[in-house]
Amino acid sequence: DSNLYQTTEDPKKKKTFVLDMFPYPSGEGLHVGHPKGYIASDVYSRHMRMRGNDVLHPMGWDAFGLPAENFALKNKIHPRIAVEKNIKRFKEQLSILGFDYDWKREINTTDPKYYKWTQWIFLQLFKKGLAYQSDEPINWCPSCMTGLANEDLEGNSCERCGTLVEKKKLPQWVLRITDYADRLIEDLKTLNWAEHIKELQRNWIGRSEGHSLQLALKVPGQGEKHKVEIFTTRLDTLAGATFVVVSPELADRWINIGWKASEEVKKYVVAALKQRDKEHVRTTALSASVAPAPLEKEKTGVKTDITAKNPLTGEDIPVFVSDYVLGNVGTGAIMAVPAHDDRDFEFAKKYKLPIKYVVAPYFIDETENSKSRPGVEIKHRTIGVGIVKHWAEDKYLMLDWKNGWTGFITGGVDKGEDLADSIRREIKEETGYTNVRLLEHLGGPNISDFYAPHKKLNQRVLGYGMYLELIDATRVGVPKEELEKHSMLWVDKDRVLAFLKKGSPMGDSRYSEMYWERLTTENYIYSGDGLLINSGEFNGLSSSEGQEAIAKKVKAKKATNYKLRDWVFSRQRYWGEPIPIIHCVKCGAVPVPEKDLPVLLPEVESYEPSGTGESPLVKITDWVNVKCPECGGSGKRETNTMPQWAGSSWYYLRYMDPGCETSPVSKKKEKYWSPVDVYVGGIDHATRHLIYARFWHKFLYDIGTVSTVEPFARLNTVGFILAEDGRKMSKRVGNVINPDDMVEEYGSDAFRIYEMFMGPFENTIAWNTKGVVGARRFIERICKFSDKIVPETIPSLEPALHQTIKKVGEDIQAFKFNTAISQLMICLNEMETIGSVGKEQWKNYLALLAPFAPHVSEELWGGAGGNSSIHTSEWPSYEESKFEKETYVIAVQVNGKSRGTITLIKGASEVEAKDLAEADPAIAKWLVKGVKKVVYIPGKVLNFVIQS
RNA sequence: GCCGGGGUGGCGGAAUGGUAUACGCAGAGGACUUAAAAUCCUCGGAGCCCUUAUAAGCUCGUGUGAGUUCGAGUCUCACCCCCGGCACCA
């Protein structure tokens with residue numbers, strides 16, 4: 001039986017590589033959620049094999065790393081022994097579920113024959129300059145006692161144990177994954193992955209495109225020779241940059257190279273850096289059940305004696321140090337534009353810095369009457385929009401125009417007139433109120449373009465919003481002609497927006513809505529695109545045009561920034577691949593010669609982590625002390641080990657050629673099997689394993705080891721199974737369902753069918769043991785039906801069977817297992833209705849069932865006289881011509897509403913259908929008004945369109 | 001805040017623009033049985049009208065509101081809500 005699933009490699013056949021994310025053989029054992037992905041890949045691989053493909057469907061063990069080591073430490077056994085034991089247990093559990101793995105290709109990342117090649121890949125990275133040493137502070141987990149990569153964090157905590165991480169300076173090996181950032185984003189396009197997974201990766205890599213710009217600095221006592229480089233995505237707002245902020249890290253560097261900062265500045269920098277070491281750069285809620293706390297703390301900062309020159313305005317602007325600018329983002333320094341950036345605004349408000357509006361929100365009226373007309377003169381106009389509050393109540397003054405529009409008081413600003421004066425005049429003219437007080441200007445102006453039909457002009461209106469209040473009810477008379485145009489309304493606060501949203505027949509009203517939003521939103525800042533204002537020669541340009549033009553003028557360079565950091569690759573733990581480097585006093589870091597690989601992980605007495613940042617391997621002096629391969633002098637081995645993710649970054653390649661002794665995989669086998677056709681696994685790996693593996697694969701492509709640029713052509717993510725109470729399964733809560741128990745009680749076929757039937761594969765769904773009972777019932781009905789077999793084909797069963805052949809095959813390939821099984825149930829229901837099944841039909845049905853229920857189908861196959869194994873039989877084929885039944889029912893509609901059905905005989909014409917429908921009194925009664933038109937969709941619907 | 005994915009019975013969910021709720025679970029009624037389990041059969045969106053009661057009939061129903069269409073769960077626009085990812089990223 002084990003030979004049944006041995007992989008074949010026939011160059012004339014198509015190949016399918018179906019891959020599961022291989023497990024850590026942890027000691028915890030499986031719960032019912034774990035096998036779901038394995039069942040899916042098993043169904044898929046069995047189906048593809050029956051279709052005649054060479055199928056590679058292997059399994060292996062990701063056995064290095066913290067989980068295995070922590071388990072071993074806790075249970076006081078050597079990790080190797082623990083791993084062996086756990087693998088044995090895992091294999092038992094997998095075997096009772098009937099998976100078709102080719103165990104001849106089993107791999108284990110802790111096998112020296114395997115990790116020899118993990119080390120080899122590291123050496124190639126080192127030789128290409130993609131692995132380098134750094135002693136920048138890294139994330140340190142005090143509980144796991146090891147450094148971690150950014151990807152190993154959940155917010156600010158260790159992803160494994162939840163402990164708050166600290167920053168620690170340690171010599172580290174780091175992989176230059178950022179060199180591949182663009183390609184990692186770009187090639188996502190070519191992959192058949194769900195969009196949200198791609199988005200996750202794009203978010204994680206976090207590319208932002210902008211400009212970098214040098215600003216000239218004036219440092220007291222040092223003249224004007226210094227410069228600072230800033231990064232911005234909004235170069236169009238340069239004229240509004242009223243100050244510059246540098247991160248504490250950058251300020252520290254300046255102090256170290258001779259800047260004589262004030263005591264106050266020095267104190268701030270020291271305190272800020274200390275705070276960052278302690279708190280890292282991010283904070284987050286520790287418990288997932290608590291809503292994350294707002295991240296922004298109140299901004300602090302300190303002014304320096306340095307000024308920078310705004311290259312657009314020529315103004316000298318102050319330079320601040322503040323920890324709201326991060327040292328590791330961009331250049332560690334920013335130009336602050338308080339008018340158009342929330343963070344800069346907050347800072348400016350606190351330190352009373354000038355706010356200059358340089359981008360105006362831009363509204364283009366697109367309605368038919370008001371759309372700007374080409375070739376017509378554009379008239380520029382400035383208007384004021386007044387939001388006027390009642391003297392005693394929380395009500396606002398609006399004008400109810402006779403043409404249907406209700407809005408705020410609006411008026412043009414005459415030449416030489418002040419904005420506030422003009423709105424006061426307007427209020428008096430239109431409503432008679434005279435005692436008005438201006439409370440505040442509502443931010444910068446908006447720009448609206450529209451056509452004014454009564455003036456036959458295109459207008460570009462620069463509008464300013466103002467918030468005013470009536471002091472009392474003092475009023476003068478309003479001219480009669482004004483009263484004829486509109487009446488006055490006092491509107492409750494919560495109804496204002498509804499009036500505005502009704503819109504205006506005489507042009508755009510969205511700018512009014514925006515003033516209202518500014519009034520009712522605390523700290524409103526416009527950070528979107530628009531048209532440039534207050535920017536001299538660039539006024540009137542759009543944000544994107546402005547960026548280009550300003551870049552040219554001030555010689556700013558296009559620049560790209562990433563959130564992705566280089567991959568911290570050292571772990572100060574025992575259970576991992578030794579990093580194959582020898583440190584020599586004379587030669588520095590020297591790679592272990594390839595002929596000496598693997599560098600074996602030595603046996604130790606105590607493999608507990610030291611906690612000092614030193615690996616436990618340090619103590620094994622006869623392993624550590626070696627000759628330098630270059631100069632022959634004394635050297636010491638690198639004692640850090642590789643992270644968990646190393647072995648899993650290329651394991652799929654090894655399955656193609658597990659015994660290869662000259663490279664990770666031979667070119668011939670790689671060419672045959674690459675890429676992985678379907679990769680099945682959890683979404684939790686979307687930003688770690690799946691980015692790391694893509695990075696290594698691209699590197700291996702660059703050095704000619706592999707022939708494809710991407711490792712995993714298609715990815716199907718498996719949805720979690722929750723406990724019956726809707727919560728996560730956990731030992732602590734005691735709601736874990738064990739697959740062994742389920743298989744024992746209901747059989748592995750019922751278990752498999754239930755997990756595939758419970759809903760869409762990628763959905764998270766709660767377990768329901770009653771559902772397994774249902775799956776079991778389905779299997780029992782099939783078994784019972786096996787005594788209804790007759791030698792001759794049953795013609796009336798043909799439509800259902802052929803439709804089932806089509807649907808089950810297509811659905812398996814699309815990972816829509818739930819609807820495939822539903823179709824198998826529908827087909828069984830049909831067989832039971834008919835009462836018997838032809839022998840060949842029955843065998844076809846069993847073949848469709850085989851990928852889902854390998855045991856039962858094999859048994860019934862033998863009972864039906866099938867030769868050899870059902871699993872090597874051919875997948876049935878269908879004929880569309882057999883889909884149609886002798887008689888079928890279609891809906892009859894009148895004006896699109898269902899009014900009955902008619903039963904047609906195969907091949908009926910439209911006229912026959914129509915006559916039949918009209919003969920039915922229940923339908924005919926709807927047709928008395930006269931039929932205007934008939935829509936006939938054969939096999940679907942007959943629709944009479946009548947006068948209405 | 002930005003980005004992505006979703007809102008269909010009591011539940012999981014189905015539906016190339018064509019009878020919404022397939023298939024299954026749970027539920028109700030019935031058959032078989034001394035009884036229970038198992039098994040089998042039948043019925044399950046809401047409301048209205050009429051009736052002893054049913055059936056038939058009508059209206060409304062896929063988050064809300066508009067639109068396109070002979071016909072919309074499906075297409076277009078606006079809005080509401082839920083889930084997930086990232087986040088002082090300049």
Side-chain angles (χ1 to χ4, degrees), chain A residues 155 194-208 210 230-235 237 241 245 247 281-284 292 294-299 322-326 328-337 340-344 346-347 501 525 527 561-564 683 686-687 753-754 757-760 762-775 777-778 780-781 784 816 818-829 832 889-901 922 925 932-946 948:
Chain A
E195 190 50 41
H196 69 281
I197 309 275
K198 294 186 186 183
E199 196 57 28
L200 239 102
Q201 294 215 341
R202 280 189 212 107
N203 272 347
W204 189 265
I205 296 165
R207 176 163 67 185
S208 57
I230 55 124
F231 174 78
T232 177
T233 57
R234 291 300 302 273
L235 193 63
T237 64
V245 187
S247 63
V281 289
R282 294 184 279 185
T283 55
T284 191
L295 291 165
E296 285 111 86
K297 47 180 188 182
E298 203 197 327
K299 293 195 175 25
S322 171
D323 65 358
Y324 87 87
V325 174
L326 305 177
N328 58 358
V329 174
T331 60
I334 61 155
M335 64 178 213
V337 184
H340 303 292
D341 181 282
D342 293 289
R343 296 149 303 177
D344 298 343
E346 199 193 318
F347 193 82
K501 281 222 187 275
I525 282 298
S527 54
N561 191 43
Y562 302 94
K563 274 193 277 199
L564 183 73
I683 192 170
T687 51
I753 283 182
Y754 171 63
F757 183 61
M758 61 194 298
E762 64 283 357
N763 281 19
T764 297
I765 299 168
W767 179 265
N768 177 8
T769 300
K770 291 266 173 58
V772 192
V773 178
R777 266 202 288 264
F778 170 55
E780 278 170 4
R781 277 167 57 206
K784 261 192 225 164
K816 287 158 75 174
N818 57 330
T819 50
I821 291 169
S822 150
Q823 183 64 37
L824 285 169
M825 289 171 169
I826 290 169
C827 191
L828 178 65
N829 290 347
E832 286 178 339
V889 176
I890 68 165
V892 179
Q893 301 178 333
V894 177
N895 281 357
K897 274 188 189 171
S898 295
R899 297 298 182 189
T901 57
K925 73 176 184 187
K932 225 162 62 174
K933 187 178 154 190
V934 177
V935 180
Y936 179 61
I937 313 293
K940 303 272 187 190
V941 76
L942 176 69
N943 187 16
F944 294 98
V945 184
I946 60 160
S948 52

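Values reported hereafter were calculated over all heavy atoms of this structure, with side chains retained and with hydrogens, waters and symmetry mates removed. The sequence lines fix the lettering, A, B, ..., with proteins before strands; numbering per chain opens at 1.
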With syn defined as a glycosidic angle within 90° of 0 and anti as everything else, classify B/G61.
anti
In whole Å, measure the gap between the P atoms of B/U39 and B/C48 for me.
38 Å
Using a cut-off of 4.0 Å on non-hydrogen atoms, how would the nucleic acid contact of A/K563 be classed: base, sugar-phosphate, or nothing?
base
How is the base pairing of RNA chain B summarised as a dot-bracket string, given the Watson-Crick and G-U wobble criteria with both distances under 3.5 Å, [ ] for crossing and | for another strand?
(((((((..(((.....[....))).(((((.......))))).((((........))))..(((((..]....))))))))))))....
Taking A/T769's backbone N and O only, do any of them form a donor-acceptor pair with A/Y754's side chain (distance below 3.5 Å, no angle check)?
no
Closest non-hydrogen contact found for A/D344 with A/V337 is OD2-N, 2.9 Å
Answer with base, sugar-phosphate or nothing: what part of the nucleic acid does A/V934 contact at a heavy-atom distance below 4.0 Å?
nothing
Write down the distance separating the C1' atoms in B/G61 and B/U19, rounded off to the nearest Å.
15 Å
Between B/G73 and B/G18, how far is it from one P atom to the other, in whole Å?
10 Å
Tightest non-hydrogen contact, residues A/Q893 and A/V941, listed as CD-CG2, 3.5 Å
Give A/V945 one of three labels, base, sugar-phosphate or nothing, depending on what nucleic acid heavy atoms sit under 4.0 Å from its own.
sugar-phosphate
Rounded to the nearest Å, what distance is computed from the CG atom of residue A/N895 to the P atom of nucleotide B/U69?
14 Å
From the candidates B/A90, B/C89, B/G24, the one with an atom nearest any side-chain atom of A/R343 is B/C89
If you compare all heavy atoms of A/S247 against all heavy atoms of A/V325, which two are closest, and at what distance to 0.1 Å?
CB-O, 3.2 Å
Between P on B/U69 and CZ on A/F944, what's the gap in Å once rounded to a whole number?
22 Å
Search all heavy atoms of A/A686 against all heavy atoms of A/I197 and return the closest pair with its distance.
CB-CG2, 4.2 Å
For a quick test of reading the model, state the closest non-hydrogen atom pair linking A/R234 to A/S527 and the distance between them.
NH1-O, 2.9 Å
Mapping A/K933 and A/I334 to their closest nucleotides on RNA chain B, which lands nearer the 5' end?
A/K933
Check the phosphate of B/A90 against A/S208, side-chain N and O only, distance under 4.0 Å to OP1 or OP2. Yes or no?
yes
Please work out whether B/G9 sits syn or anti, treating a glycosidic angle within 90° of 0 as syn.
syn
For A/N829 and B/C23, what is the distance between atoms CG and P respectively, to the nearest whole Å?
7 Å
For the P atoms, the ones on B/U76 and on B/U21, what distance do you get once it is rounded to whole angstrom?
25 Å
Whole-Å distance separating the CD atom of A/Q201 from the P atom of B/G4:
16 Å
Would you say the side chain of A/K299 and the base of B/C88 hold a donor-acceptor pair, judged only by whether the two atoms sit under 3.5 Å apart?
yes
In whole angstrom, give the distance that lies between atom CZ of A/R234 and atom P of B/A90.
11 Å
For B/A26 and B/G12, measure between their C1' atoms and round to the nearest Å.
11 Å
Rounded to the nearest angstrom, tell me the gap between atom CZ in A/R777 and atom P in B/U39.
5 Å
Mind telling me whether A/Y324 and A/F347 have parallel, tilted or perpendicular rings, with 30° and 60° as the class edges?
tilted
Contact list (N/O, under 3.5 angstrom) for nucleotides 57-63 of chain B vs protein:
residue, atom, partner, partner atom, Å
B/U59, OP2, A/R899, NH1, 3.1
B/C60, OP2, A/K897, NZ, 3.4

Of the nucleotides B/G4, B/A90, B/U39, which one has an atom closest to the side chain of A/K784?
B/U39
Going through the checks in order, is the salt bridge (Lys or Arg N to Asp or Glu O under 4.0 Å) test met by A/R777 and A/E780?
CA-CA 5 Å; A/R777 266 202 288 264; A/E780 278 170 4; over 6 Å; no
Is A/V945 close to A/N895 at the side-chain level, that is, under 4.5 Å between some pair of heavy atoms?
yes
Which part of the nucleic acid, if any, lies within reach of A/G771 when heavy atoms closer than 4.0 Å are counted: base, sugar-phosphate only, or nothing?
nothing
What heavy-atom pair brings A/I525 and A/H340 nearest, and what distance separates the two atoms?
CG2-C, 3.7 Å
Rounding to a whole Å, what distance do you find between A/F231:CZ and B/C89:P?
12 Å
So, A/N561 side chain and A/S208 main chain: donor-acceptor pair closer than 3.5 Å or not?
no
In 5'-to-3' order, the base (B), backbone-only (S) or no-contact (-) status of each nucleotide in nucleotides 11-21 of chain B, using a 4.0 angstrom heavy-atom cut-off, is -BSS-B-BBS-
Pairwise C1' distance for B/U8 and B/U74, with rounding to whole Å:
12 Å
Does the A/N763 side chain pair with the main chain of A/I765, one donor and one acceptor, at a distance under 3.5 Å?
no
Nearest-angstrom distance, P atom, B/A20 to B/G57:
14 Å
Below 4.5 Å, heavy atoms only, C-beta onward: do A/I821 and A/M758 meet side chain to side chain?
no
Between B/A90 atom C1' and A/L326 atom CG, what is the distance in whole Å?
9 Å
In whole angstrom, give me the gap between the C1' atoms of B/A37 and B/A46.
36 Å
Counting C-beta onward and ignoring hydrogens, is there a side-chain heavy-atom pair between A/F757 and A/M825 closer than 4.5 Å?
yes
